[in-house]
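Encoded as structure tokens, the structure appears first; notes follow it.
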Amino acid sequence: MLDTALMISLALIVLALAMNVYRLAIGPDIPDRLLALDTMYVNSIALIVLLGLWLNTKTYFEAAILIAMLGFVSTMAICRYLLRGDIIE
Amino acid sequence: MKPLGRFLPTPTLSLVLLVVWLLMARSVAPGQLLLGAFLAVGIPLLTRRFWDPLPPVRHPIKLAWFVLVVLYDIVKANLQVSLLILTPRREPHPGFVEYPLEVKEPLTITLLANTITMTPGTVSTNIRLDRSSLLIHVLDMREEQALVQEIRERYERPLKEIFEC
Amino acid sequence: MSQHLMILPILVPLIGALVLLLPTRAGDPAQRRLSVGLCVAQLLVGGWLFAQAAGGELIFYALGNWQAPFGIVLMLDRLSALMLLLTAVLALGCVMFACAGDDTRGSHFHGLFQLQLVGLNGAFLTGDLFNLFVFFEILLLASYALLMHGGGKERVGAGLHYVILNLAGSALFLVALGVLYGATGTLNMADMARRLGAMTGDQTALVTAGALLLVVVFSLKAALLPLYFWLPRTYSAAPAPVAALFAIMTKVGLYAILRVQSLIFVDTPAAEAITTWLWWSGLATIALAGIGVLAARDLRPLIAYLVLVSVGTLLAGKSLGSTEAVTALLYYLPHTTLVCGALYLIAELIGQQRGKAGTRLVRARRLHQRQLLGGLFLVSAVAVAGLPPLAGALGKLLMMQAAEGVARLWFWPLLLLAGLCALIALSRAGSVFFWASYKGEVAAGRVSRAQLAGVLWLLATAPLLVGFSGPLSSYTLATAEQLADPATKITRLFGEEAMPATSLALGREEETP
Amino acid sequence: MTFYVIAEGVIAFLLVAGGIFAFTGSLGMLQFKDFFMRLHGPTKGTTLGIGCVLIASMLYFTITQRELHVQELLITLFLFITAPVTGHMLAKTGLHMHLRFLTSTRGSVPEFRDEDVGQSRVARPAKARHPWRSRQRRRRP
Amino acid sequence: MALLWIPLLTLFGALVPVFTTRHGRRACTLATLVAPLLALGLVLAQAPAVLDGEVITFTLPWMPLLGLDLALRIDGLTLLFALLILGIGSLILYYAGHYLAADEDDGRFLAYMMLFMTAMIGIAMADNLLLLWLFWELTSITSFLLIGFWGHRSDARRGARMALVVTGAGGLALLAGLLLIGEAVGSFAMGEVLAAGDAIRASSHYPLILALVLFGAFTKSAQFPFHFWLPHAMAAPTPVSAFLHSATMVKAGVFLMARLTPALGDSQLWAISLSLVGLATMLYAAWFALLERDLKGILAFSTVSHLGLITLLLGLGSPLAIVAAVFHIFNHATFKAALFMSVGIIDHETGTRDIDRLGALWSMMPITGTMVILAGSAMAGFPPFNGFLSKEMLFEQSLVNNVLGALSALIPLLVMLAATLSVAYSLRLIWSLFFAAPKLTREQKAQPPLKAHDPARGMLAPGLFLAAMSLAVGLFPMTLAAPLVNAASLAVQGDTSPLLALSLWHGLNLPLAMSLVAVIAGGLVLRQQRRLADIAALFPARDASRVFEAAVLRVIKAALWLTMRLENGSLQRYQALLVLTALAMVGVGLANLETLTGERGLQPLDGMLVLGAALMTFGAIGSALSHRWRLVSLLMLSVVGLTVSLTFVRFSAPDLAMTQLSVEVVTMILLILALFFLPQRPPLLVSRRRILRDLVLATALGGVVAMLNYALLTRETISIADYFLRESVPGGGGTNVVNVILVDFRGFDTLGEITVLTLAGLATFKLLNRMKLFMPAGNLEGIRWSRHRYPMILAVVAQILLPLALLVSVYIFLRGHNQPGGGFIAGLITAVALILQYMARGHDWTRERLPLSYPVVAVSGLAIAVATGLASWLFGYPFLTSAFGHFHLPLIGEFELASAMLFDLGVYLAVVGATLMILINLGRVTTLHRPRLEER
Amino acid sequence: MEALFSLVIGVLTASGIYLLLRGRTFPVIVGLALLSYAVNLFLFSTGGLNTHAAAVIGDSITPADPLPQALVLTAIVIGFAMTAFVVILAIRARSELGSDHVDGQQGEAGDSR
């Protein structure tokens with residue numbers, strides 16, 4: 001049961017990622033793409049966690065923490081860029 | 001609290017840090033506790049200068065209740081939004097609402113804005129420079145006034161109580 | 001202490017650089033003194049190591065006490081000792097020159113300079129392929145920074161090309177490393193050599209691909225024909241003491257090729273392909289660089305092309321393959337490096353006194369110190385053109401003698417014609433600079449004592465190399481013989497049973513504290 | 001034994017639910033007509049989805065390895081701190097960039113925009129592609 | 001040892017004038033003379049033995065590997081040349097002391113002369129072919145300096161350069177020839193080479209050797225068609241011409257031919273080439289000497305002609321011819337030096353060298369006149385001067401030769417013709433200078449007539465001495481010249497030389513008749529000189545020097561064109577070349593690969609992998625395609641970055657995944673910073689063909705790399721990995737093997753790596769110094785920047801995140817040795833958290849709260865790492881040897897401490913310092929500029 | 001799987017090289033970044049593609065070859081340092097040369113089209 005659930009979950013996440021990519025590709029505007037990218041980051045957290053479940057290990061867990069913590073920084077940077085131009089004033 | 005102030009300027013933060021440390025270390029061995037305590041004291045001291053003076057938490061219990069409420073709302077909101085997404089035939093009625101702010105502290109505004117973003121079909125989009133009001137984008141707007149009222153009652157008031165007075 | 005002596009060429013400039021990088025005001029005399037002192041120290045260490053290596057002894061230094069092939073091992077043989085000493089000599093001249101004021105045109109000159117030396121010395125010492133990559137990057141990044149010293153349009157434009165090309169080169173380097181590691185399963189050069197010895201079939205084809213890619217990267221650094229176009233502009237744009245130091249940068253590429261081919265890819269199909277490549281592109285480099293020498297309308301690019309000629313000569317000479325050829329090129333190498341360095345410094349001095357005309361080959365105001373500069377220019381020009389009585393001529397003679405059979409048919413005429421081109425171009429330059437001047441006021445600016453010291457230090461080596469040509473040439477002969485005998489290195493490093501199958505067991509013996 | 005069955009069921013449920021939430025979040029991003037609406041999906045759906053998966057993971061490891069595994073809370077913490085901020089900033093950016101929204105959208109934004117930007121545009125769009133030039137041109141008078 | 005002193009004396013002599021020049025001209029000259037005179041004495045001391053046929057040698061090994069020894073010899077030929085060089089040299093030095101104008105730098109001049117003398121003496125004395133070559137090239141260099149002594153004059157510069165290039169080229173050819181000789185003989189020692197004539201002639205390279213050596217000799221001796229540099233070299237001060245073109249420089253070529261006669265001579269090829277070239281030179285130059293108006297030009301052409309004569313004689317090759325050649329070398333040196341000196345005097349006194357402007361000088365300068373008459377007669381070959389003797393011998397030899405087979409009969413006729421011309425120009429010199437009236441043009445007549453008088457005695461004496469010498473030798477050849485000449489010719493042709501009797505009167509014979517005819521015909525020719533000149537003027541002279549200069553110019557232009565074509569300054573081309581080279585080289589390797597797929601089986605695919613591959617492909621191609629929409633390109637790049645780290649997760653490299661992620665964020669910030677300063681949407685400027693080319697190149701290299709990768713992935717190798725896995729815990733004290741490798745096994749790499757990082761920080765600091773920036777006022781769409789400078793929510797979140805991030809980084813740092821993590825990742829986390837502060841609150845605000853100097857942080861990090869490495873020295877272990885131990889403390893329990901952690905701390909600090917240095921400095925630059933932007 | 005992996009590396013390399021051959025500094029930088037991804041993956045893959053084999057003792061039964069991982073880590077860092085430098089150099093070049101063309105000669109004129 002667990003395996004099946006895992007697979008379903010993985011498949012859904014993979015599909016979600018694929019949709020993100022699609023949005024990233026078609027845009028139409030920069031914020032759309034940015035949103036897509038950010039969502040990709042978040043979805044990949046799920047991917048890593050699911051992988052950890054699949055392999056029954058927590059070795060890769062810190063990578064997920066890093067994405068959660070740092071992933072948004074680059075999104076912020078681009079937002080700032082779009083809003084203000086230079087990101088460190 | 002006073003004598004501790006020098007070493008423990010922000011006890012809440014220190015507590016959070018200690019908890020987080022123990023979470024990460026996955027152990028409550030004395031060594032880890034000691035190290036965690038050291039860090040929980042040291043890091044706030046190091047980063048103290050980066051903190052604008054924060055309003056202290058006045059009602060921890062209310063805070064807990066608030067968190068629970070928000071969590072519940074998140075789940076609810078998500079179910080709603082998911083439903084909206086999965087039933088494409090129903091056209092949503094999006095709209096912008098300007099929400100006049102009563103809270104003034106940056107932290108509370110932030111918390112409010114974040115809460116709004118996380119909960120029912122709303123995303124906070126902009127805050128006026130003078131912090132007087134918040135622009136909210138609503139995914140499916142029925143009644144503007146009701147929404148404002150709901151936010152005020154459900155989120156802003158508790159927040160105000162917890163932090164500001 | 002003496003067993004640690006070997007790592008000093010890396011540590012001395014590194015620690016020195018750390019001190020120098022602490023914030024001080026520009027042109028601090030203490031900083032200058034320290035920088036010169038560091039160079040002197042390296043010279044002493046280099047001399048000591050040179051003397052040690054001259055005995056033919058191979059010295060290894062296992063970093064972190066991890067034995068090869070598992071840890072990184074530094075290796076000192078005659079070749080690396082020669083290069084170390086050469087670097088130290090060149091660096092001292094450059095630093096002395098820079099102390100006259102070039103170092104204040106931007107920040108951190110001395111620190112970066114020492115880090116550049118770290119990179120150079122490390123590259124010459126290391127016995128590990130990946131470590132070589134790391135040191136390459138150090139020396140490259142330091143060279144980028146030094147190139148930008150003082151700023152300016154020309155430098156930035158040239159620097160952009162130099163940097164981007166070298167970054168692409170670094171990427172290729174890593175690919176090559178990947179292939180070699182993937183195919184051999186080791187990074188230590190000697191270990192790789194011994195594993196290659198036991199390899200057959202398709203694996204060797206892969207190794208060949210990796211080896212050739214590696215050589216492409218080194219050729220980029222050494223500036224061989226299709227890959228040298230960045231050099232003239234870059235070297236001309238660099239500040240004088242830096243350009244002078246750059247004279248050894250191309251030689252790093254050469255060194256790497258020499259090291260890799262003579263140690264790792266000795267009897268593999270790769271060696272043959274490398275030789276062919278080096279031969280033809282070396283010759284073409286001589287030819288085109290000779291043409292470039294003629295075409296140059298400014299002294300700095302002219303020198304750059306002379307550097308290229310020497311690169312082509314050295315590498316074509318390398319591919320002659322014989323011990324004599326290697327002897328010859330090793331004899332020629334220090335001379336050409338030092339003299340090209342000196343020439344850049346002299347060009348700077350000339351440019352200083354010619355006002356706006358700089359080092360362009362046009363009539364300009366009379367030089368303030370015509371006699372002095374003319375004399376310096378004459379000596380260096382004679383040296384660099386490979387004319388007697390300086391060592392360039394002897395080196396060239398040796399190279400020519402080493403060419404045999406059909407090879408000679410290409411090598412001799414090209415070498416001689418390139419010499420002729422140099423002669424024509426340098427005589428033109430000299431007569432423009434020192435004879436054809438406008439009458440009227442003399443340009444201001446005198447050669448400072450530090451500058452003169454730097455130039456003289458470098459130039460003095462030219463007659464010295466002639467005077468001691470006998471001992472030096474026998475040293476280079478010994479070096480060439482040592483290079484031709486990689487087996488000794490392998491057995492010295494791994495003991496007698498140097499078969500790949502047993503190699504994995506070797507690591508067990510050592511202990512860590 | 002039943003404990004494990006139930007636990008397994010719970011974990012499986014959470015996993016699937018997480019997957020569905022994440023999926024709908026991304027689907028929303030794909031489906032909605034304008035940027036501001038698209039924003040809603042990821043900020044809520046995906047965040048919650050990840051939350052579910054994390055809880056599942058927490059439970060799973062706690063149960064299988066027989067010790068408390070609550071590290072995942074940390075990720076949740078970070079996520080709950082960062083995700084709304086991202087949403088907010090993105091919305092702000094979208095507002096700033098004059099992104100079109102559905103005509104049926106109620107309410108208005110120009111006031112906010114004016115406050116945000118000052119004037120409406122710097123120059124004609126054609127020129128504005130090269131702001132450096134347009135800037136120089138304006139300096140002349 | 002005495003032999004070594006001869007060149008050494010002259011060499012040191014070169015220093016004398018430099019130091020004595022301040023004591024006045026006279027003292028300087030006299031002091032300078034000491035060295036050559038001493039050397040001359042040394043030579044003379046050897047003379048008796050040499051005249052007896054002995055060869056004195058001296059050898060000092062120099063560079064045995066090369067076959068180069070410092071070997072000197074004195075035999076007859078050397079003796080002859082040494083005497084000429086030192087003797088005439090001394091006279092000319094003395095003369096030069098009077099010649100130079102008062103304000104000229106006599107010290108430098110005399111020094112050059114002495115250097116040149118050294119080089120010449122070296123050629124004459126070299127007992128080693130390579131040594132000879134060294135000195136040979138030295139004469140080229142020093143002659144360049146001498147000819148260009150008046151460098152402010154353009155003709156001097158041109159003449160000097162031409163001489164250098166022609167003789168230098170000759171020298172290079174000569175080198176090749178000498179090397180070939182050395183190879184044929186097996187040694188460069190002169191004695192062995194001279195004895196190995198047969199071996200050389202038998203060598204298959206003989207024609208080549210001959211061609212190369214003769215090319216060298218001909219260029220030096222100004223033989224046709226390489227003669228053209230010599231007249232141009234007349235731009236030199238006269239003492240230089242006197243020295244270079246009478247006794248030395250040009251004689252070097254002749255000397256070489258004479259010297260190598262035993263080795264190379266005695267073959268048909270040798271004879272024909274020498275005699276033909278000699279004849280042609282002799283005639284051609286004599287003709288031009290007759291037409292020339294410049295006094296020194298006349299002498300230059302006559303020199304060329306006489307050198308041709310000597311070459312011819314060497315070519316004829318019979319013993320007597322060689323004697324004649326040697327004798328004429330001597331004779332020519334004496335009278336030509338005298339003539340040059342007198343021309344110098346005339347030039348000095350009258351200020352012109354135009355033969356047409358001069359005339360009737362006899363009354364004004366009789367002593368000079370006498371000198372010219374004496375030397376000129378010798379040049380014309382009038383009896384009883386020495387020139388007559390050698391010319392008679394030439395006539396005699398020309399009659400008996402058969403070098404040209406059937407055409408040999410032509411030689412006497414041509415020789416006679418040349419002699420006729422020689423008489424004519426000699427007489428012209430004497431006559432028009434001293435007795436005829438000047439042929440002035442109208443403007444010249446308007447100028448005041450020339451006034452001149454004989455110069456001081458010091459200037460006259462050397463010339464007079466030499467002129468008298470030529471008469472004396474003519475009168476008493478046996479006493480004055482025969483021994484020397486005999487000894488010299490003995491040296492030239494081995495031991496078969498007949499001892500010759502030289503005498504003025506040979507009886508009435510054919511040569512005498514030929515002389516007579518030549519003299520009479522010469523007179524007649526002279527009378528028609530004007531007409532001849534007019535005829536010659538009809539044919540526009542294609543001066544070889546012009547041709548040469550034009551050729552050099554054209555070559556330079558062509559070189560310039562080619563260089564500009566190749567180096568068009570386009571980085572794209574250079575990179576394409578790099579790619580192409582790499583492609584070709586790897587292609588060679590791959591071509592040998594038999595099968596691409598190796599023996600290791602393939603692993604199955606799954607959905608995640610396909611997704612990852614799709615993401616990466618999408619990102620890569622997307623960012624390539626959208627490179628003009630830069631922000632989009634950047635977002636695509638970010639996809640790749642994310643997927644790469646996911647790949648690392650998937651393939652069991654947690655450390656890498658974390659590093660990649662954090663580096664990704666920092667890189668992103670950096671690139672966005674860059675985006676702000678670079679145009680955002682540049683135009684498409686390239687052609688379709690260029691795009692196609694790039695696509696092909698890119699795809700090809702991509703394909704090759706993929707093939708390499710595939711081939712590697714499917715093959716087994718035994719790597720050294722097992723060792724690390726085994727030793728990590730017992731040897732390195734950590735369970736995270738990657739980290740143990742980084743900080744321990746290969747800590748040296750890591751040290752280098754953080755050095756690179758620190759360097760990058762410093763380098764960017766350097767770049768940002770005094771940078772002027774372009775700053776847009778609005779974004780891509782033309783919208784002004786938002787006025788929300790520091791969005792509040794961001795600020796609050798940054799504030800909350802900072803302590804948490806620090807905590808995480810401490811955690812990551814501490815666990816690094818045993819679990820994925822380590823100083824590097826921790827450093828990046830800290831750096832990112834701090835950068836977030838900067839982003840949220842601005843530079844100034846953060847700076848105020850974090851008054852750290854990032855360079856100092858980075859440098860101290862590096863210092864800690866180095867110090868950790870050094871500490872192991874204290875225990876007698878190599879640099880970077882690690883130590884670790886498990887400790888037990890009450891209450892805390894067991895914990896581990898390792899020196900590697902200290903090293904890792906260094907890494908941490910270096911990373912934090914360097915990263916912030918890079919980003920913040922860039923950010924700060926904008927801060928400095930921003931206010932201006934805000935004003936409007 | 002191996003084939004797919006190699007293919008991806010090939011695509012990354014090709015895209016990187018294509019961008020590297022562009023005339024503006026920004027694409028070149030992006031190209032270098034792509035190239036370094038490709039190179040890092042390449043280097044990484046020389047240790048083999050292993051799932052669930054982190055080189056942490058006690059964590060997995062058959063740990064992967066840790067050496068390439070360490071090398072890639074070094075390479076990533078060095079690549080980052082280099083990217084940082086070249087980015088700032090590009091900015092500087094634009095400031096000095098007035099254009100973001102790698103050869104600096106096309107000038108702003110090119111931008112106005």
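Worth knowing before you read on, the calculation uses all heavy atoms, side chains too, and leaves out hydrogens, waters and symmetry mates. Here is the naming used below: chain letters follow the sequence lines, and residue numbers restart at 1 for every chain.
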Among all residues two or more places apart in sequence or in another chain, which pass the ring pair (Phe, Tyr, Trp, His ring centres under 6.0 Å) test with E/Tyr710? none
With salt bridge (Lys or Arg N to Asp or Glu O under 4.0 Å) as the criterion, how do E/Arg573 and F/Asp103 come out once you've worked through the C-alpha distance, each side chain's angles and the decisive distance to 0.1 Å? CA-CA 11 Å; E/Arg573 169 183 295 188; F/Asp103 304 328; over 6 Å; no
Considering only heavy atoms, which portion of E/Leu571 lies under 4.5 Å from any heavy atom of chain F: side chain, backbone, both, or neither? both
Quick check on E/Phe824 against chain F: is it the side chain, the backbone, both or neither that has a heavy atom closer than 4.5 Å? side chain
Quick check: does any side chain N or O of E/Arg650 sit under 3.5 Å from a backbone N or O of F/Thr51, one acting as donor and the other as acceptor? no
Side-chain donor or acceptor of F/Gln69 paired with backbone N/O of E/Ser652 under 3.5 Å: yes
Rounded distance (nearest 0.5 Å) linking atom CG of F/Asn40 with atom OG1 of E/Thr659: 10.5 Å
Whatever's closer than 4.5 Å to a heavy atom in chain E on F/Ile29 counts as side chain
Tell me the ring-ring contact (aromatic ring centres under 6.0 Å, His included) pairs involving residues 3-41 of chain F, sequence neighbours left out? E/Phe651-F/Phe5
Report yes if the side chains of E/Leu757 and F/Val77 come closer than 4.5 Å at any heavy-atom pair, otherwise no. yes
From CG (E/Leu725) to CG (F/Leu67), nearest 0.5 Å: 10.0 Å
Hey, is the main chain of F/Thr74 close enough, under 3.5 Å, to the side chain of E/Asp749 for a donor-acceptor pair? no
At a 4.5 Å cut-off on heavy atoms, which part of F/Leu19 comes close to chain E: side chain, backbone, both, or neither? side chain
Would you mind reporting whether F/Val30 and E/His627 have side-chain heavy atoms less than 4.5 Å apart? no
Quick one: what part of E/Asn818 sits under 4.5 Å from any heavy atom of chain F, side chain, backbone, both or neither? backbone
Proximity breakdown for E/Leu634 and chain F, heavy-atom pairs closer than 4.5 Å: side chain
Donor-acceptor pair, side chain of E/Gln603 and main chain of F/Leu49, under 3.5 angstrom: yes
Which atoms of F/Leu20 approach chain E - backbone, side chain, both or neither, heavy atom under 4.5 Å: both
